[in-house]
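Structure first, then comments.
Letters A, B, ... are given to chains in the order of the sequence lines, protein chains preceding strands, and every chain is numbered from 1. All of these numbers come straight from a predicted model, not from anything done at the bench.
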Amino acid sequence: MNCGIISPGWRGKLIRMTSWRRQHYAAIFISFLNNIKELLLTMLIVFVFGQSSQVGGAMFYTFFYGSILLFSLGSGVIKWLTFQYRLEADELKIKQGFLFKKNRFIRKERIQSIDVNAKMLQRMFRLVELRIETAGGGGEPEFRIVALKQEEAALIKKELLSKDRVPDKGQVTESVSQDDSMTAAYPDEVQKSAHERKFRWELSNRRLVIAALTSSGVGLAVTFAAAATSQLQQLIPEAVYEEIIGWLQHSSFVYIGIVVAFVLFISWVMALINTMLKYGQFTIVKNGDEIHLSRGILEKRQLTLSQKRITAVRIVQNLLRQPFGYVSVYVESACGGRKEEDLSTILIPLCKRGEITELLGEIVPEYAVKRQYAPLPSKSIRKYMIKLIVPAVVSATVIAYFLPYGSWALILPVLAASYGYWQYRDAGIGHTEGILLLKYRTLSRCEVVVPRKRIQAMQSSQTFLQRINDLHTIHVSVMTSIAGKTFTLKHIDRMQQEQQFHWYSYEEKRKE
Amino acid sequence: MRATPDQRLTKKALKVWRITASLEMILYLLLAVGYGLASRYFNFSSWVLLPIIIFIITLGYVKIAVIPELQWKRWRYKIYENEVELLYGVFVVRRVIIPMIRVQHVDTKQGPILRRYRLAAVTISTAATVHEIPGLEEKTADELRDYIAGLAREADPDD
């Protein structure tokens with residue numbers, strides 16, 4: 001059995017991976033660090049609570065952290081030892097598991113997408129991660145080889161994606177360019193379709209900065225910063241800490257306001273840096289049917305989507321971007337969604353509203369329609385307003401009653417009412433021959449573009465209260481990588497509901 | 001305007017729903033009785049017991065006598081050549097269109113109570129959603145399943 005490490009002189013040689021091989025040694029280190037990362041929260045909790053309770057002492061800590069390290073390392077080694085893969089004529093075989101053995105044969109036809117990612121850890125060893133996604137169904141649609149050489153990843157990718165008959169053994173030679181930049185991951189594709197029409201779009205640095213400044217990750221960062229600040233107590237010497245508390249207790253609201261503003265500012269800066277790192281060097285390359293997305297400064301990520309598998313396009317404009325007319329565009333795809341992005345894939349991090357149709361025309365022409373919406377009936381105004389006013393009135397009453405200066409809270413219902421009206425104004429529905437358009441606002445303004453043939457089922461619903469005004473809610477479901485996703489527009493009138501059902505109905509279309 | 005679907009569920013479904021709701025209520029009552037017994041031996045306050053029992057009985061009346069009736073009256077379905085249409089719901093009325101070409105698979109399923117009354121439910125799955133027609137005669141359910149599966153197979157994928 002070949003033990004996995006590719007001989008140094010393998011470049012440019014005949015390679016046909018018919019033997020079982022292991023990942024690069026670095027996989028041990030990478031999975032060790034990943035384990036630590038996963039246990040980080042537990043470690044933090046023990047650290048924080050362990051200090052206040054009196055159990056254990058130094059012995060306990062040594063033992064606790066020691067065993068975590070040992071466990072992580074051990075599991076990394078075992079994973080590396082037991083994980084083996086083998087590329088065959090038209091499938092990739094994988095076996096893994098120590099106690100519970102698992103064999104997985106991934107057949108070529110079942111593969112939906114293959115990504116080659118160079119994350120930070122992998123980059124340290126000049127390695128990449130290979131991520132294979134298979135057609136839905138079954139518990140684990142995706143599968144990773146954590147550490148392997150870039151050339152090997154490119155080869156596996158090429159082999160598994162090639163559509164033609166598998167050539168005879170020994171015929172496959174691979175000459176990989178010596179270029180170490182990540183673009184080398186697709187050298188053959190670039191050559192193959194040089195004659196085809198290609199489209200390339202990059203996120204300019206100016207826009208990257210604007211995207212970062214207006215990212216809505218700010219809220220998340222604030223939460224994190226607040227949590228971190230509350231832990232400062234553990235790190236600051238007690239005398240200093242008490243002094244600060246004393247100072248806070250004696251100071252007025254203004255000082256506390258300054259502290260809060262400072263926390264907000266820091267977290268905003270953190271969110272800023274995070275977004276810049278995540279979406280830096282964002283590039284779209286459209287090549288025939290394939291859309292290649294790559295992004296990231298520290299962690300390079302690449303993703304290949306098939307245009308045919310895209311099921312919906314979402315145009316999202318958050319509150320900060322609205323005044324400047326900037327939007328971001330997401331796609332729902334039957335494969336390739338990422339958890340961190342709300343199961344959608346970001347297609348364009350930032351562009352001007354006016355540019356959307358043109359960009360979509362280049363990338364996903366099917367979706368480049370003129371977006372025209374009919375407003376909702378005026379009787380739905382109060383639906384949108386009342387829904388927000390009720391909780392606002394309740395909380396304002398409570399606040400006004402219990403807190404000093406609480407009567408300021410009475411402004412809340414007014415804000416809620418205006419926001420409800422705004423939501424009504426931003427809601428709309430429209431359709432062309434083959435495309436349904438929905439527009440609504442939660443916090444951000446959202447436009448959804450769904451082709452009729454991508455809609456898996458259409459539903460209308462009417463609650464008890466809606467029945468009084470004869471209003472309806474419409475739901476359309478599309479397929480995404482994990483399960484399905486349903487888009488909802490509330491409070492359309494009966495005419496609009498009937499129109500939409502008529503537009504969607506396969507029975508009525510047939511009769512015409 | 002679209003015609004309302006005209007197929008109803010079997011009247012026996014109503015009976016099954018009532019039985020299921022009754023079982024659920026009996027469980028709640030048992031919990032309340034258990035609490036009552038415990039309050040004799042331990043130092044629990046027993047005055048809460050009365051309101052709880054009244055609440056359970058009212059809820060039981062609504063769930064056993066009222067809701068199944070409304071639910072049954074509302075439930076309609078229709079299988080067209082190119083799509084399935086469902087209409088159901090008591091407090092929220094839902095109307096669904098599932099085109100035949102989007103149907104991935106059709107199953108029948110049966111719990112112990114449904115089986116006792118020789119009834120079954122038909123579930124229709126698309127790539128994104130699952131829909132259920134509850135409470136059909138076993139025979140109807142089997143026929144419906146095969147019929148929908150047949151239409152789904154024949155449906156023109158270019159549509």
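Proximity to chain A (any heavy atom under 4.5 Å) is shown, for B/V103, by neither the backbone nor the side chain. For chain B, the nearby part of A/H475 is the side chain; its heavy atoms alone come within less than 4.5 Å. Looking at A/L465, there are no atoms closer than 4.5 Å to chain B (heavy atoms on both sides), in backbone or side chain.
The ring pair (Phe, Tyr, Trp, His ring centres under 6.0 Å) test applied to A/H431 returns A/W503, not counting sequence neighbours.
Atom CG in B/L136 sits 6.0 Å away from atom CG in B/L9 (nearest 0.5 Å).
A donor-acceptor contact under 3.5 angstrom links the side chains of A/K286 and A/Q307, judged on distance only.
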Steps toward side chain to side chain donor-acceptor pair (under 3.5 Å) verdict (B/Q110, B/E138): CA-CA 9 Å; B/Q110 219 176 12; B/E138 246 172 22; 2.4 Å; yes
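For the set B/L86, B/V92, B/L87, B/I98, the entry with the most heavy-atom pairs within less than 4.5 Å of chain A is B/V92.
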